[in-house]
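Since the structure comes first, as structure tokens, the remarks are kept for the end.
Every chain is numbered from 1, with letters handed out A, B, ... down the list of sequences.
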Amino acid sequence: MDNHLKIFNSLSGKKEDFEPQAPPYVGMYVCGPTVYGDAHLGHARPAITFDTVFRYLKHTGYKVRYVSNITDVGHLEHDADEGEDKIAKKARLESLEPMEIAQYYTNRYHEDMRRLNVLRPSIEPHASGHIMEQIKMAEEILENGFAYEINGSVYFDVVKYNEKHDYGKLSGRKLEEMISNTRELSGQDEKRNPADFALWKKAEPVHIMRWESPWSDGFPGWHLECSAMGRKYLGESFDIHGGGMDLKFPHHESEIAQSVAATGREPVRYWMHNNMITLNGQKMGKSLGNAVSLRQFYSGEHPLLEQAYDPITIRFFILQAHYRSTLDFSNEALQAADKGLRKLFAVFQTLEQIEAGDTSGFDVAGFEKKCYAAMDDDFNTPVLIAHLFDAVKAVNAAKDGHISLSSTDIENLKRLFNIFVFEILGLVNTQESKHESFDKIIQLLIDIRQEARKNKNFTLSDKIRDELKASGVILKDGKEGTSWTLA
RNA sequence: GGUCGGUUUGCCGAGUGGUUAGGCAACGGUCUGCAAAACCGUGUACACCGGUUCGAAUCCGGUACCGACCUCCA
């Protein structure tokens, strides 16, 4: 494993050399969706970011166990103490079993992700299937004195924890400042301190999602599932934990606290956070009412969308920005990404067409080095893509006879484009024909048109070209003959 | 209010103390029966004000504006 992968660790705020604790094995946990609604563009970002991390780690030889949860025990809404969660609320409104809601949106999430060519994680645990583990963890935290029970609920004692440990080290906060900044009004609050959070919550009579526990019929707290399931499948300490930046606090901060309080061990070595996708400079979010669902992107049915977008175009669009930068959505940007993507895909066809020369007009070895260097630099996909376009330019120049590529060059370029475009970036040419007979028919029409052109029968040749274009097949005349692509 | 981050050429978006990021769009040219595609060439940008430096868009300080988190959130 001869690489020098550097990962930006949110915990230190620096790029660090990636050293898994038990190579070649890597454990990675990424916060997944709460399944009470369709995934929007924002959900695509962590999915694609960490899918690419997963792909690259595997490519460089690691054996990766990638765990990503499905949250089917709804998090509480912000009038939290009233005790209704998102899934239960949706179930009540639609007169369905909560698990019906969760299953429905889980299925749709999987389909949305499949179209983005996101690989399924190694393990996709459901929160509802790990109530026992969560109860056990809450018990351990109680035993260790970092939690207290009151009225059937269990709360994490942040103040006590902070006496021995550092609550706020991930998000860069000081507990004292947080407390002085939080002026909770609800006099009914059972919590000793506003900064405390629930490990277990007693269910109100109306609450339909509930499980038995030593303390009450209720449900686990907001942050416990990730701690419990990460620990179960990856161990008390694992390599990478990922998620959106908005989860840094309080979710991930609390995860660290819970794990340390329960096991005494630091749970995660490298924390990775992807930035937000914005719309007119504002975060896209369900509660902000500016979220466009992935399905709407695929169909184009949304007032903000000028057209439907290929899921792979969305993937490419996201990969054209670094995962730690915000990315601003617009039709113009997405359309530009789509054109660039078509240009990138065309190189595969061009590589088949060009004739090998005796000399090398392009430094293929240097190109390969630069590509790996880009990925090793905290998964810098936009720089990788820039290098790929440099190579595209060289291949096109070779096609037009401006430079020469040796047969070794061509073979290596084919190999590298396959690795980086398909295997690592996870792009897939959905517009490529999969039907041999279709390909043959198009080739026949091209031949007929070629003959017509030879006979100067331009009426016929233009008719073939125009009619094919109307049917979605675009002909491209070149020196070496005519090629085609789907529109 | 607190904490953190951003401001790059028409748009998206990298990066860096002195050398072309890249994509899209635009303009000129080559090629072509025409068109498209492709190729060649063109843009000399880094919010503002100071400072450090031989040299800063890149480092430091300040100002303005924008955003994220502090409450569910990818």
Side-chain angles (χ1 to χ4, degrees), chain A residues 13 30-34 36 39-50 74-80 85-86 168 171-174 177-178 180-182 184 194-195 222 242-251 253 273-278 281-288 291 316-317 320-322 324-344 346 350 374 377 380-390 392-393 395-403 453 456-458 461-462 465-466 469 474-480 482-485:
Chain A
V30 176
C31 291
T34 303
Y36 68 104
H40 59 73
L41 187 61
H43 291 97
R45 190 137 200 216
I48 288 169
T49 296
F50 295 106
H75 288 176
L76 292 170
E77 299 228 320
H78 56 264
D79 44 337
D85 73 41
K86 288 172 173 169
S171 50
R173 286 155 214 268
K174 294 264 168 288
E177 292 171 7
M178 285 163 51
S180 62
N181 283 328
T182 318
E184 205 99 340
W222 315 348
M245 247 170 199
D246 48 354
L247 296 179
K248 230 175 176 180
F249 187 88
H251 186 58
E253 194 72 58
H273 290 98
N274 63 273
N275 215 317
M276 302 291 106
I277 286 181
T278 58
Q282 252 215 338
K283 175 184 167 181
M284 186 180 281
K286 216 167 243 179
S287 46
L288 295 163
F316 186 65
F317 172 67
Q320 265 191 314
H322 187 84
R324 282 192 287 113
S325 304
T326 55
L327 171 60
D328 198 50
F329 153 80
S330 69
N331 281 285
E332 203 184 354
L334 226 38
Q335 285 158 6
D338 187 64
K339 286 204 177 149
L341 180 61
R342 300 303 145 206
K343 182 172 166 183
L344 181 59
T350 310
D377 183 16
N380 199 329
T381 54
V383 167
L384 167 62
I385 289 169
H387 294 324
L388 292 176
F389 275 111
D390 285 339
V392 167
K393 197 168 188 174
V395 172
N396 286 333
K399 187 186 81 174
D400 279 22
H402 290 103
I403 66 165
R453 290 176 72 196
K456 303 223 184 285
N457 185 352
F458 297 124
S461 69
D462 286 355
R465 183 176 67 198
D466 296 344
K469 190 177 180 185
I474 292 170
L475 299 186
K476 293 194 249 186
D477 294 331
K479 277 216 170 81
E480 313 294 321
T482 300
S483 60
W484 60 276
T485 55

Inset, instruction - Evaluate the side-chain proximity of A:N275 to A:L327: yes if any heavy-atom separation is below 4.5 Å, no if none is. - result: no
Of the listed nucleotides ([options]), which one gets closest to any side-chain atom of [X]?
X: A:S325; options: B:rA14, B:rG2, B:rG23; result: B:rA14
X: A:K393; options: B:rC40, B:rC11, B:rC73; result: B:rC40
X: A:F389; options: B:rG22, B:rA68, B:rC39; result: B:rG22
X: A:K339; options: B:rA14, B:rA25, B:rA74; result: B:rA25
X: A:L327; options: B:rC70, B:rC12, B:rA14; result: B:rC12
X: A:F458; options: B:rA38, B:rG22, B:rG33; result: B:rG33
X: A:Q320; options: B:rG22, B:rC70, B:rA74; result: B:rG22
X: A:E177; options: B:rG2, B:rG22, B:rG13; result: B:rG2
X: A:A336; options: B:rA14, B:rC24, B:rG22; result: B:rC24

Legend entry - First encountered from the 5' end of RNA chain B, between A:A397 and A:D246: A:A397
Legend entry - Closest-nucleotide ordering on RNA chain B, the 5'-leading residue of A:G340 and A:H322: A:H322
Inset, instruction - Go through RNA chain B and write down every stem, that is, every run of at least three consecutive Watson-Crick or G-U wobble pairs with distances under 3.5 Å, as range with range. - result: B:1-7 with B:64-70, B:10-12 with B:22-24, B:26-30 with B:38-42, B:47-51 with B:59-63
Please classify the nucleic acid contact of [X] as base, sugar-phosphate, or nothing, using heavy-atom distances under 4.0 Å.
X: A:A333; answer: sugar-phosphate
X: A:S483; answer: nothing
X: A:K283; answer: base
X: A:H40; answer: base
X: A:K248; answer: nothing
X: A:D338; answer: nothing
X: A:M276; answer: base
X: A:K469; answer: nothing
X: A:G42; answer: base

Inset, instruction - Check whether any side-chain N or O of A:K343 sits under 4.0 Å from OP1 or OP2 of B:rG23, and answer yes or no. - result: yes
To the nearest Å, how far apart are [X] [atom1] and [N] [atom2]?
X: A:I277; N: B:rG67; atom1: CD1; atom2: P; result: 18 Å
X: A:D377; N: B:rG15; atom1: CG; atom2: P; result: 7 Å
X: A:N331; N: B:rA25; atom1: CG; atom2: C1'; result: 15 Å
X: A:E332; N: B:rG23; atom1: CD; atom2: C1'; result: 12 Å
X: A:M284; N: B:rA68; atom1: CE; atom2: C1'; result: 15 Å
X: A:D400; N: B:rU30; atom1: CG; atom2: C1'; result: 10 Å
X: A:N396; N: B:rC39; atom1: CG; atom2: P; result: 4 Å
X: A:L388; N: B:rG22; atom1: CG; atom2: C1'; result: 10 Å

Between the base of [N] and the side chain of [X], is one N or O donor paired with an acceptor at under 3.5 angstrom?
X: A:D477; N: B:rA35; result: yes
X: A:D462; N: B:rG33; result: yes
X: A:R465; N: B:rA36; result: no

Inset, instruction - Mind checking the CE-CE spacing from A:M284 to A:M276? Nearest 0.5 Å is all I need. - result: 12.0 Å
Inset, instruction - To the nearest 0.5 angstrom, please state how far the NZ atom of A:K476 sits from the CH2 atom of A:W484. - result: 11.0 Å
Legend entry - Atom NZ of A:K174 with >12 non-hydrogen neighbours under 6.0 angstrom: no
Legend entry - Passing option when A:D246 is tested against A:K283, A:R45, A:K286 for salt bridge (charged side-chain N to carboxylate O under 4.0 Å, His left out): A:K283
Legend entry - P spacing across the pair B:rA37 / B:rC27, given as an integer number of angstrom: 13 Å
Legend entry - Test: A:K393 and A:D390 ion pair at under 4.0 Å: no
Legend entry - Heavy-atom pair with the smallest gap, counting every atom of A:P33 and A:H43: CB-CD2, 4.5 Å
